[in-house]
Amino acid sequence: MYKAAVIGSKESVSGFAALGLSVFPETERDKIARLIPELAKKDFAVIFITEAAASGVGDIIDKYRSCKLPAIIMIPGITGNTGDGMKNLHVSVEKAVGTDILK
């Protein structure tokens, strides 16, 4: 059975536990860089990561863009929205559909 995870600051991810998601309160780049491949190997189909946490591991996230699973989705953290998650969503949609239908 596939699982879903959330990575980010403790304040940003703790509420997701109530929804049944596995939460990983982590903000250090090196630990996140090791955590993502580890989760991918453990049947996590979706990994939500706050924009702040993702900012330092773009290279790791890019490695999974062409993979079927896991889907890595950037979400705003408690400190606000940087717009990076929406930019990545536009890129993904354009890649899948052939044009950016979200404009």
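Just so it is clear, the structure is predicted and the values come from calculations on it, not from any experiment. Counting begins at 1 with the first residue of the sequence.
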Which pair of non-hydrogen atoms, one from T50 and one from G8, has the smallest distance, and what is that distance?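 Taking every non-hydrogen atom into account, OG1-CA, 3.6 Å.
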Provide the closest heavy-atom pair for S55 versus A52 in the form atom of the first, atom of the second, distance.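 Of all heavy-atom pairs spanning S55 and A52, the closest is OG-O, 2.7 Å.
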What's the spacing between L39 CG and F24 CZ if we round to 0.5 Å?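 That separation rounds to 4.5 Å.
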What's the spacing between I49 CD1 and I73 CD1 if we round to 0.5 Å?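 If we round to the nearest 0.5 Å, I49:CD1 and I73:CD1 are 11.5 Å apart.
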Got I60 and I72 here, is their nearest side-chain heavy-atom distance under 4.5 Å?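 No; the side chains remain at least 4.5 Å from each other.
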Report yes if some heavy atom in the side chain of I36 is under 4.5 Å from a heavy atom in the side chain of I7; otherwise report no.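 The answer is yes, as the side chains (C-beta and beyond) meet within the 4.5 Å cut-off.
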Check against side-chain contact (heavy atoms from CB on, under 4.5 Å), Y64 and I47: CA-CA 11 Å; Y64 290 95; I47 300 172; over 6 Å; no
Look at the rings of F16 and F48 and say which category their plane angle falls in: under 30° parallel, 30 to 60° tilted, over 60° perpendicular.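 F16 vs F48 ring planes: parallel.
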Pairs in or reaching into residues 5-29: which pass salt bridge (Lys or Arg N to Asp or Glu O under 4.0 Å), with residues at least two apart or in two chains?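 Salt bridge (Lys or Arg N to Asp or Glu O under 4.0 Å) check on residues 5-29 returns E28-K31, R29-D59.
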Hydrophobic cluster membership, with links at side-chain heavy-atom distances under 4.5 Å among I/L/V/M/F/W/Y: are V6 and L19 in one?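 In one cluster with V6: L19, yes.
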Determine yes or no for a side-chain-to-main-chain donor-acceptor pair under 3.5 angstrom, with K3 supplying the side chain and K42 the backbone.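 Yes, K3 side chain to K42 backbone: donor-acceptor pair under 3.5 Å.
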